[in-house]
J.: 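For reference, the structure I am asking about is given below.
Please read these numbers as outputs of a predicted model, since none were measured by experiment. Just so it is clear: chains get the letters A, B, ... in the order the sequence lines come, proteins before strands, and each one is counted from 1. Side chains are part of it too, since the values below use all heavy atoms of this structure and drop only hydrogens, waters and symmetry mates.
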6 protein chains.
Amino acid sequence: MSTLSLPANIESNPKVKAVFDDIRQTRQSDFINNMWHYLAFDPDLLESTWREVKAVMASPSSLDPLTKEMIYIAVSVANACSYCVHSHTAAARSKGMSDAQYADLLRVIALAGKTNQLASAMQLPVDAVFNKD
Amino acid sequence: MSTLSLPANIESNPKVKAVFDDIRQTRQSDFINNMWHYLAFDPDLLESTWREVKAVMASPSSLDPLTKEMIYIAVSVANACSYCVHSHTAAARSKGMSDAQYADLLRVIALAGKTNQLASAMQLPVDAVFNKD
Amino acid sequence: MSTLSLPANIESNPKVKAVFDDIRQTRQSDFINNMWHYLAFDPDLLESTWREVKAVMASPSSLDPLTKEMIYIAVSVANACSYCVHSHTAAARSKGMSDAQYADLLRVIALAGKTNQLASAMQLPVDAVFNKD
Amino acid sequence: MSTLSLPANIESNPKVKAVFDDIRQTRQSDFINNMWHYLAFDPDLLESTWREVKAVMASPSSLDPLTKEMIYIAVSVANACSYCVHSHTAAARSKGMSDAQYADLLRVIALAGKTNQLASAMQLPVDAVFNKD
Amino acid sequence: MSTLSLPANIESNPKVKAVFDDIRQTRQSDFINNMWHYLAFDPDLLESTWREVKAVMASPSSLDPLTKEMIYIAVSVANACSYCVHSHTAAARSKGMSDAQYADLLRVIALAGKTNQLASAMQLPVDAVFNKD
Amino acid sequence: MSTLSLPANIESNPKVKAVFDDIRQTRQSDFINNMWHYLAFDPDLLESTWREVKAVMASPSSLDPLTKEMIYIAVSVANACSYCVHSHTAAARSKGMSDAQYADLLRVIALAGKTNQLASAMQLPVDAVFNKD
């Protein structure tokens with residue numbers, strides 16, 4: 001259940017259709033997930049969001065596509081974003097994440113969650129050598 | 001400033017000394033950062049925490065060491081853990097993270113922070129295809 | 001599903017009935033949402049919570065009712081509180097939030113989520129001019 | 001202290017200079033806060049971030065500028081982003097936020113923080129009437 | 001550094017003085033920590049906040065005072081509230097928290113931080129037996 | 001729905017069976033909740049997680065079992081971990097948490113959520129007396 005009604009016949013809007021076509025083209029798939037269907041209630045917000053996702057996640061960069069998906073999962077887990085955890089875990093699998101890599105990803109995320117709490121609880125002073133200023 | 005006093009002569013405790021020696025050995029460095037100095041107020045907690053950090057971060061795994069540090073940074077940023085962001089950004093740099101990689105890491109973290117909020121705000125239903133059950 | 005059983009015949013408790021009557025009176029509606037039904041397991045907690053919600057959200061203040069609902073949504077999104085996002089988005093709509101305003105609200109929340117992560121990742125020093133002390 | 005060194009002579013980079021000039025022009029002020037100085041380590045990231053901030057916060061929209069700043073503060077408080085809380089509280093004051101409005105903003109943020117925890121603790125089922133699907 | 005100026009001669013306001021006197025009386029101490037000094041910029045907000053803190057933390061209840069402080073620390077750590085972690089750790093110590101109890105508190109908080117991330121990452125379905133509805 | 005398929009015949013793996021047997025033995029119950037079923041996709045991660053949970057939650061310590069469960073709930077609520085809130089509220093009830101204790105737990109968690117936001121919004125400077133360094 002959502003806070004928004006899924007717009008009907010949404011691709012009759014030319015801006016929405018152009019974005020959806022670009023998503024299909026970029027991903028080489030006819031499947032368009034709910035994020036884009038619901039964002040289409042505001043075609044400009046849909047377009048600017050997709051443009052950024054495409055630029056960051058689907059363009060060549062110094063990080064490989066699977067690494068980027070695992071970082072995305074890490075943030076989404078920490079922010080307790082159910083939808084994002086699901087969609088980016090699926091994306092990571094489609095980009096080749098093995099069960100062993102998934103388990104290692106969970107180990108790092110779980111450990112970070114643990115030591116984040118320890119450091120926050122003890123209010124650790126930052127070591128001077130970490131300062132880059 | 002911390003919630004704990006830094007224990008004096010902490011390495012006179014043999015359990016603490018053993019952990020500190022292992023940290024120095026594992027990292028090939030004499031530097032021991034504040035996390036371990038403060039945790040030493042309880043030598044058992046120090047030992048179990050270090051054992052887990054070493055097992056996850058300093059042992060061979062299906063993820064390379066730099067990828068693990070970037071995932072650690074991602075969680076720490078989302079959890080607003082100042083100390084952890086500092087210590088793991090320093091660790092990532094020492095493992096070779098370039099400025100270009102750091103900028104790309106920031107792009108993914110920032111985008112995830114943004115779309116996490118969008119998905120949470122719209123309370124998006126999870127697409128059936130994402131379900132692995 | 002909840003951690004609590006919904007109490008039966010809850011309005012037979014006079015304290016609960018008085019709160020429910022005041023909710024109906026204040027909102028000019030017979031509908032009482034789940035927050036209040038479940039809180040009724042402890043009538044004192046129900047009463048003090050409703051008293052504060054009424055004082056903050058339903059009393060005249062320097063912020064108009066719709067602005068307060070949008071601020072409430074913003075906090076609830078950042079805290080990933082599914083129930084609160086739903087209930088306050090519904091409240092904002094009932095107070096006149098248009099689709100254009102909702103889209104602009106999402107833009108600000110999403111941007112804040114993004115730059116929060118950037119500032120947290122870079123551990124930005126606070127500019128001296130921002131200090132009011 | 002930051003994870004980054006503040007770049008020297010940063011405006012010798014033409015892309016950085018163009019962004020800084022646009023910030024000064026948009027804000028009608030010579031002051032450029034640390035967010036932009038530090039982001040300048042990657043001129044493309046600086047430019048895309050500023051473009052979005054300007055589009056969302058400094059362009060006409062269905063929400064007035066002060067309302068947008070208060071929503072920004074709300075998200076930043078919930079995300080515990082110290083820098084963002086400072087910079088957007090300063091921005092809200094410069095756009096006319098009175099002490100009474102600030103106190104009312106704090107009331108709503110604090111109440112939302114409280115009821116978010118209650119709803120999360122009780123795992124309240126979302127009322128059917130809130131569903132827009 | 002704060003977003004607020006500390007009001008001068010704040011106890012010249014009779015409402016503020018009454019709250020400060022009650023804090024001193026309740027705690028049997030002349031020390032008033034910064035939370036109350038800064039909240040005094042709005043005497044009504046000061047008064048309602050103190051009234052709730054006193055009712056929850058300083059009144060007889062089914063939980064003993066130290067347990068309540070440890071729960072308060074746990075929430076504050078998870079929310080990364082530096083000020084609150086400091087003030088409630090100090091309060092817990094003044095109510096008798098030993099180093100052993102503090103270490104055990106850290107163990108539980110750290111473990112919860114870890115398994116929260118695991119459950120959020122795997123998006124675990126809630127077992128039917130946990131449902132109380 | 002989960003990001004993982006529940007492994008079939010999982011106890012045919014001897015490491016998994018040993019952990020499940022220990023869970024049943026420790027809890028004196030045949031019921032094994034989903035956390036352990038899903039973690040079994042990686043038997044080593046299952047084993048190390050269970051070992052830590054058992055050591056922290058099921059071993060004698062300076063905190064009694066119910067207090068530990070309430071602290072666990074507090075962290076899980078603040079982290080918006082739905083599964084963890086459910087499982088640890090059930091555990092707290094099985095260890096004797098009364099409705100009155102649950103209501104008092106909610107009061108402290110809710111108040112902490114509220115004052116965390118206030119302290120974060122005002123960016124309160126930490127009182128010097130709280131510093132233990």
Side-chain angles (χ1 to χ4, degrees), chain C residues 1-4 31 33-35 38-39 49 52-53 55-57 61-63 67-68 70-72 74-84 86-90 98 100-101 103-105 107-109 111-127 129-132, chain D residues 1-4 31 33-35 38-39 49 52-53 55-57 61-63 67-68 70-72 74-84 86-90 98 100-101 103-105 107-109 111-127 129-132:
Chain C
M1 75 199 283
S2 167
T3 64
L4 277 169
F31 175 64
N33 56 306
N34 279 336
M35 169 64 91
Y38 284 84
L39 274 177
T49 306
E52 185 175 354
V53 168
V56 174
M57 300 303 285
S61 84
S62 65
L63 301 176
T67 296
K68 289 192 283 192
M70 291 193 295
I71 292 164
Y72 218 119
V75 174
S76 303
V77 166
N79 283 335
C81 181
S82 174
Y83 184 83
C84 310
H86 273 293
S87 62
H88 289 278
T89 303
S98 66
Q101 287 174 315
D104 283 334
L105 172 64
R107 281 182 179 89
V108 178
I109 290 174
L111 177 60
K114 179 181 183 172
T115 61
N116 283 184
Q117 307 284 57
L118 288 173
S120 172
M122 295 189 291
Q123 292 286 306
L124 295 176
V126 177
D127 302 79
V129 297
F130 294 154
N131 188 11
K132 302 298 284 185
Chain D
M1 77 198 284
S2 169
T3 64
L4 277 168
F31 175 63
N33 56 306
N34 280 336
M35 169 63 90
Y38 283 84
L39 273 178
T49 307
E52 185 175 353
V53 168
V56 174
M57 300 303 285
S61 84
S62 65
L63 302 176
T67 296
K68 289 191 284 193
M70 291 192 296
I71 293 164
Y72 219 119
V75 174
S76 303
V77 166
N79 283 333
C81 180
S82 174
Y83 184 83
C84 309
H86 273 292
S87 62
H88 289 278
T89 304
S98 66
Q101 287 174 313
D104 283 333
L105 172 64
R107 281 182 180 90
V108 178
I109 291 174
L111 176 61
K114 178 181 182 171
T115 61
N116 284 185
Q117 308 283 58
L118 288 173
S120 172
M122 296 188 290
Q123 292 286 302
L124 295 176
V126 177
D127 302 78
V129 298
F130 294 156
N131 189 12
K132 302 299 281 187

J.: Using non-hydrogen atoms and a 4.5 Å limit, figure out which bit of Ala80(C) sits close to chain D: side chain, backbone, both or neither.
T.: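 For Ala80(C), there is no contact with chain D at all, as no heavy atom is under 4.5 Å.
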J.: Between Tyr83(C) and Asp127(D), do the side chains contain an N or O donor and an N or O acceptor separated by less than 3.5 Å?
T.: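 There is such a pair (donor and acceptor under 3.5 Å, judged by atom type) between the side chains of Tyr83(C) and Asp127(D).
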J.: Look up atom CG in Leu111(C) and atom CD in Glu52(D), then write down how far apart they are to the nearest 0.5 Å.
T.: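 Answer rounded to 0.5 Å: 5.0 Å.
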J.: Would you give the length of the straight line joining atom NZ of Lys114(D) to atom SG of Cys84(C), rounded to the nearest 0.5 angstrom?
T.: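 Going from the NZ atom of Lys114(D) to the SG atom of Cys84(C) covers 13.0 Å.
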J.: Chain D: which of Val129(C), Ile71(C), Asn116(C) shares the most heavy-atom pairs with it under 4.5 Å?
T.: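 Of Val129(C), Ile71(C), Asn116(C), Asn116(C) has the most heavy-atom pairs under 4.5 Å with chain D.
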J.: Taking atom CD of Gln117(C) and atom CG of Asn79(D), what is their separation to the nearest 0.5 Å?
T.: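 Reported to 0.5 Å precision, the distance equals 6.5 Å.
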J.: Do Met35(D) and Met122(C) come close enough that some side-chain heavy atom pair is under 4.5 Å?
T.: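 The answer is yes; the side chains approach within 4.5 Å.
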J.: Non-hydrogen atoms of chain D under 4.5 Å away: do they reach the side chain of Thr67(C), the backbone, both or neither?
T.: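 Just its side chain gets close to chain D.
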J.: Highest number of heavy-atom pairs under 4.5 Å with chain D: which of Ser98(C), Ser87(C), Ala90(C)?
T.: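 Answer, by heavy-atom pair count under 4.5 Å with chain D: Ser87(C).
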J.: Starting at SG of Cys81(D), measure out to CG of Leu124(C) and round the result to the nearest 0.5 Å.
T.: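 With rounding to 0.5 Å, SG (Cys81(D)) is 7.5 Å from CG (Leu124(C)).
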J.: So, taking the atom named CD in Gln123(D) and the one named OH in Tyr38(C), what distance separates them when rounded to the nearest 0.5 Å?
T.: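 Separation between the atoms: 11.0 Å.
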J.: Are the side chains of Phe130(D) and Asn33(C) in touch, meaning some heavy atoms are under 4.5 Å apart?
T.: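 When only atoms from C-beta onward are counted, Asn33(C) and Phe130(D) do touch, with a gap below 4.5 Å.
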J.: Against chain D, label Val77(C) side chain, backbone, both or neither, depending on which of its atoms sit under 4.5 Å from a heavy atom there.
T.: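 Contact with chain D is absent: no heavy atom of Val77(C) under 4.5 Å.
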J.: How long is the gap from CZ on Arg107(C) to CE on Met57(D), to the nearest 0.5 Å?
T.: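 Between atom CZ of Arg107(C) and atom CE of Met57(D) there are 13.0 Å.
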J.: Begin with the C-alpha distance, continue with both residues' side-chain angles, and end with the deciding distance and a verdict on side chain to side chain contact (heavy atoms under 4.5 Å, CB included) for Leu105(C) and Lys68(D).
T.: CA-CA 8 Å; Leu105(C) 172 64; Lys68(D) 289 191 284 193; over 6 Å; no
J.: So which heavy atom on Pro125(C) is nearest to which on Asn34(D), and how close?
T.: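 Of all heavy-atom pairs spanning Pro125(C) and Asn34(D), the closest is O-ND2, 2.8 Å.
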J.: Quick check for you: among Ala55(C), Ala100(C), Ser76(C), Ala103(C), which has the greatest number of heavy-atom pairs under 4.5 Å with chain D?
T.: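 Most heavy-atom pairs under 4.5 Å with chain D: Ser76(C).
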J.: Ignoring hydrogens, what is the shortest heavy-atom contact between Gly113(C) and Val75(D)? Give both atom names and the distance.
T.: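 Closest approach of Gly113(C) to Val75(D): N-CG1, 4.1 Å.
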